[in-house]
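Before I ask anything, here is the structure I am working with.
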Amino acid sequence: MESLFYGYRTFTSLPDEMLAPLQLARVHHRILYFVARDQGLSVNTLLARLGISKQALNRPLRELQTKGLVIASTARHDARVKSLALSESGQVLEEQLSSSQRDLLQQAFAQSPESEAGWRKIMSILASNQRAFRPPA
């Protein structure tokens with residue numbers, strides 16, 4: 001478990017440093033990441049992907065909109081649905097943040113290519129069903 005904690009700290013440290021001068025945090029990076037991968041996604045879809053409440057999303061999403069990084073518009077298929085997309089500056093920031101993490105993973109996999117498939121499998125298992133791994137109440 002210590003390796004996971006220390007690895008995550010390393011994985012998030014450079015993006016955290018890049019976000020700090022903008023007065024943004026990891027939650028903002030997660031929002032930018034998911035919106036970048038699915039331009040036009042609804043707020044409800046984003047909530048489901050992040051696994052957070054509307055209340056928890058409201059402030060960071062509003063901050064990203066205020067800074068001109070995320071654009072919310074009315075969805076074409078339903079006027080009640082907000083559709084999210086990154087602005088040009090939001091795309092640039094997201095690419096900088098995520099590419100630093102992709103580079104880190106590529107460097108690690110280059111040092112242990114035989115481990116990549118196993119790591120991907122473990123991460124996939126953990127990500128696929130987080131409730132299955134919770135201890136009984």
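The first residue of the sequence shown is numbered 1, and numbering continues consecutively from there. Please read all numbers here as calculations on a predicted model, not as lab measurements. Only this structure's heavy atoms are used, side chains among them; waters, hydrogens and symmetry mates stay out.
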**Asked** Do NZ/NE/NH1/NH2 and the carboxylate oxygens of E116 and K121 come within less than 4.0 Å?
**Response**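 Not counted as a salt bridge, because no side-chain N and carboxylate O are separated by less than 4.0 Å.
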**Item:** Minimum side-chain heavy-atom gap R102-S98 below 4.5 Å
**Value:**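 Heavy-atom side-chain distance check passes, below 4.5 Å.
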**Request:** Give a yes or no on whether the backbone of R62 and the side-chain of T66 come within a donor-acceptor separation of less than 3.5 Å.
**Result:**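 Here the side-chain-to-backbone pair exists.
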**Message:** To the nearest 0.5 Å, what is the distance between CG on L61 and CG on L46?
**Reply:**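 L61 CG to L46 CG: 7.0 Å, rounded to 0.5 Å.
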**Item:** Separation of Q96 CD from L32 CG (nearest 0.5 Å)
**Value:**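 With rounding to 0.5 Å, CG (L32) is 11.0 Å from CD (Q96).
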**Asked** Are L22 and L93 close enough that some pair of their side-chain heavy atoms sits under 4.5 Å apart?
**Response**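 Yes, side chains in contact.
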**Asked** Would you find more than 12 non-hydrogen atoms of other residues, nucleotides or ligands less than 6.0 Å from R76 atom CZ?
**Response**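 Count not over threshold, so no.
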**Asked** Between atom CD of Q107 and atom OG of S112, what is the distance when rounded to the nearest 0.5 Å?
**Response**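 Atom-to-atom, Q107:CD and S112:OG are 14.0 Å apart.
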**Message:** Any donor-acceptor pair under 3.5 Å linking the side-chain atoms of S99 with those of Q101?
**Reply:**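 No, no side-chain donor-acceptor pair sits under 3.5 Å.
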**Item:** Distance in Å, L84 CG paired with K82 NZ, rounded so as to fall on 0.5 Å steps
**Value:**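 Nearest 0.5 Å value for the CG-NZ distance: 8.0 Å.
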**Item:** Close side-chain approach of K54 and L47, heavy atoms under 4.5 Å
**Value:**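 In contact.
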**Asked** Which atom pair, heavy atoms only, marks the closest approach of R26 to D16?
**Response**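 So the two residues come closest at NH2-OD2, 2.5 Å.
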**Request:** Taking only Lys NZ, Arg NE, NH1 and NH2, and the carboxylate oxygens of Asp or Glu, determine whether E94 and R30 approach each other closer than 4.0 Å.
**Result:**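 No salt bridge links E94 with R30.
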**Request:** Nearest 0.5 Å please: distance from the OH atom of Y33 over to the CD atom of E95.
**Result:**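 Rounded to the nearest 0.5 Å, the OH-CD separation comes to 11.0 Å.
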**Prompt:** Do any N or O atoms from the side chain of S87 and from the backbone of G68 form a donor-acceptor pair under 3.5 angstrom?
**Reply:**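 Confirmed, S87 side chain pairs with G68 backbone.
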**Prompt:** Between M123 and L105, is there a shared hydrophobic cluster once you connect ILVMFWY residues whose side-chain heavy atoms come closer than 4.5 Å?
**Reply:**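 Yes.
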**Asked** Knowing that exactly one of L50, L69, L24, I52 qualifies, which makes a side-chain contact (heavy atoms from CB on, under 4.5 Å) with I31?
**Response**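 Checked L50, L69, L24, I52 against I31; only one passes side-chain contact (heavy atoms from CB on, under 4.5 Å): L50.
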**Prompt:** Is any side-chain heavy atom of S115 closer than 4.5 Å to a side-chain heavy atom of F109?
**Reply:**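 A side-chain contact under 4.5 Å is absent here.
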**Asked** If you count the non-hydrogen atoms of other residues, nucleotides and ligands that lie under 6.0 Å from CD in E88, is the total more than 12?
**Response**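 Counting other residues, nucleotides and ligands, CD of E88 stays at 12 neighbours or fewer.
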**Prompt:** Can you list every pair that meets side chain to side chain donor-acceptor pair (under 3.5 Å) and has a residue in residues 1-10, with sequence neighbours left out?
**Reply:**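 Of all non-adjacent pairs touching residues 1-10, none passes side chain to side chain donor-acceptor pair (under 3.5 Å).
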**Prompt:** What are the two closest non-hydrogen atoms of L86 and Q91, and how far apart are they?
**Reply:**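 Taking L86 first and Q91 second, the nearest heavy atoms are O-NE2, 3.5 Å.
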**Message:** Between L104 and L14, is there a side-chain heavy-atom distance shorter than 4.5 Å?
**Reply:**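 Side chain of L14 against side chain of L104, heavy atoms only: no contact under 4.5 Å found.
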**Minimum heavy-atom distance S83-G40, with the two atoms named** =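 Scanning both residues, the minimum pair turns out to be OG-O, 2.9 Å.
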**Message:** Just checking F34: does its CZ atom have more than 12 heavy atoms from other residues, nucleotides or ligands closer to it than 6.0 angstrom?
**Reply:**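 Yes, the 6.0 Å shell around CZ holds more than 12 heavy atoms from other groups.
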**Asked** Any ion pair linking E63 and K67 (charged N to carboxylate O, less than 4.0 Å)?
**Response**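 No, K67 and E63 are not salt-bridged.
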**Message:** Within the 4.5 Å heavy-atom criterion, are H29 and L19 side-chain neighbours or not?
**Reply:**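 When only atoms from C-beta onward are counted, L19 and H29 do touch, with a gap below 4.5 Å.
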**Message:** Tell me whether V27 shares a hydrophobic cluster with L64, the cluster being built from Ile, Leu, Val, Met, Phe, Trp, Tyr side chains joined at under 4.5 Å.
**Reply:**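 In one cluster with V27: L64, yes.
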